[in-house]
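Below is one structure, written out as structure tokens; the observations come after it.
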Amino acid sequence: MNFIDNHCHLSDERIFDRAETLVKEATEAKVTRFALAGVEPAEWKRQVELKAKFGDSLILNFGLHPWWVEKYSASEIKEILQILDQEIVHANGVGETGLDFYEKRDPSRFDDQREAFRAQIHIAKRHKKPLILHIVQAHEECVKILKEEKAEELKLVLHSYSGNVTQLQEYLKLGAYVSYSGSLVKAARGEGHEKTAKALLNTPINRVLFETDSPDQGWDSGENAPKRVLEVYEAALVLMELPLASGMGAMADVVTKTFNHIYAK
Ligand SMILES: [Zn+2]
């Protein structure tokens with residue numbers, strides 16, 4: 001049985017130099033495949049460097065992350081999206097992209113977020129690639145845009161899902177896959193995140209994926225790392241009230257099948 005970290009940032013500047021160690025430690029723990037999430041052009045280049053080292057264990061996704069939209073001017077964003085349209089042939093999927101209307105974000109750039117999101121949906125459709133979604137406090141609007149853009153023809157992957165069950169149903173109607181992160185670990189420990197636990201229990205098993213989002217989104221004092229996706233798998237089984245001993249292998253197999261389907265050429 002092998003496990004997958006469906007969303008991590010080995011190409012993040014903070015850990016890029018240690019990627020070899022992190023992949024080795026993960027592989028020893030039977031976490032053998034990793035989907036990288038793209039944030040901006042310099043980072044896509046680091047993904048390509050990692051791919052040269054780690055080959056098929058890595059899935060590459062290039063995108064302009066909503067937080068990075070804030071770093072660039074409108075004309076720079078336009079240019080980046082043109083580059084993305086060319087570079088995307090070197091990646092397996094588009095993203096992470098989407099909408100983040102969390103209170104710390106800059107509302108004056110929300111329109112730029114919306115535009116960059118729509119443009120990346122178009123790129124995914126043009127190149128027939130899966131679309132990796134980062135959506136925070138913007139689920140209704142995201143669903144609206146996905147419908148307007150007829151994005152249901154794409155394989156949609158919601159990263160670190162944080163919405164409620166009603167919103168989840170809307171995504172599921174569009175055929176979306178739902179990736180759950182360390183908030184499940186907290187939920188299984190009784191440390192809040194009931195909403196996410198409920199969403200998990202309402203997601204068909206063949207639409208479920210797990211991720212760390214490392215090096216971010218750690219759930220305790222230890223550093224978040226791809227190998228720790230095992231804890232997210234375990235937490236899901238606990239929340240589903242399934243036995244760990246036999247459940248881990250079965251869960252690993254279902255998730256692997258789903259992951260292979262999403263990134264099938
Ligand atoms: Zn991410």
Side-chain angles (χ1 to χ4, degrees), residues 3-16 18-19 22-23 26 31 33-48 50-51 54 57-72 80 84 88 91-102 104-105 113 116-117 120-121 123-124 129-139 142 155-163 171 176-186 193 196 199 208-219 223-229 231-232 255 259 262-263:
F3 300 89
I4 297 166
D5 187 351
N6 179 57
H7 188 112
C8 60
H9 295 270
L10 290 167
S11 39
D12 185 295
E13 278 178 316
R14 291 168 290 172
I15 58 170
F16 179 66
R18 289 189 287 130
L22 294 168
V23 168
V31 178
R33 294 171 78 196
F34 316 86
L36 306 184
V39 299
E40 63 173 342
E43 183 270 339
W44 310 337
K45 288 206 181 91
R46 291 195 292 273
Q47 289 194 37
V48 173
L50 291 176
K51 182 81 180 176
F54 303 114
S57 58
L58 296 190
I59 286 285
L60 308 191
N61 291 293
F62 296 172
L64 183 62
H65 188 297
W67 296 1
W68 272 261
V69 166
E70 290 180 7
K71 270 179 52 177
Y72 295 102
I80 289 169
L84 179 63
I88 200 64
N92 305 84
V94 177
E96 51 187 300
T97 178
L99 302 171
D100 192 326
F101 296 164
Y102 183 60
K104 282 188 187 158
R105 309 279 32 121
Q113 281 198 33
F117 179 32
Q120 289 175 84
I121 296 174
I123 291 171
K129 305 267 188 191
L131 187 72
I132 314 307
L133 298 165
H134 169 113
I135 311 295
V136 176
Q137 294 184 10
H139 292 289
C142 173
K155 287 167 182 157
L156 303 169
V157 182
L158 285 154
H159 128 71
S160 192
Y161 186 65
S162 61
Y171 287 118
Y177 299 88
V178 191
S179 183
Y180 290 94
S181 63
S183 51
L184 290 188
V185 179
K186 291 185 188 164
H193 297 273
T196 309
V208 168
L209 297 153
F210 302 111
E211 63 170 75
T212 61
D213 201 18
S214 55
D216 294 315
Q217 293 212 53
W219 45 88
E223 187 190 52
N224 197 5
K227 67 177 176 192
R228 299 195 64 181
V229 78
E231 294 169 56
V232 184
V255 171
F259 187 78
I262 292 169
Y263 289 108

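Order of listing sets the numbers, starting from 1, for every ligand and every atom in it. Starting from 1, each residue takes its place in the sequence as its number. Just so it is clear, the structure is predicted and the values come from calculations on it, not from any experiment.
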Discussion item. Please report whether the ring centroid of Tyr161 lies less than 6.0 Å from that of His139.
Written reply: yes
Worksheet item: For the Zn ion (ligand 1), which protein N/O/S atoms are closer than 2.8 Å?
Response: His7 NE2, His9 NE2, Glu96 OE2, Asp213 OD1
Fill in: Heavy-atom closest contact (Ser181 atom, Ser160 atom, distance)
OG-OG, 2.8 Å
Worksheet entry | Trp67 side chain near Val136 side chain, heavy-atom distance below 4.5 Å | no
Worksheet item: Any chance CH2 of Trp68 has more than 12 other-residue heavy atoms, nucleotides or ligands included, within less than 6.0 Å?
Response: yes
Item to complete: Measure the CG-CD distance between Leu36 and Glu96 for me, rounded to the nearest 0.5 Å.
Response: 11.0 Å
Worksheet item: Hey, are Arg14 and Glu223 close enough for a salt bridge, meaning a charged N less than 4.0 Å from a carboxylate O?
Response: no
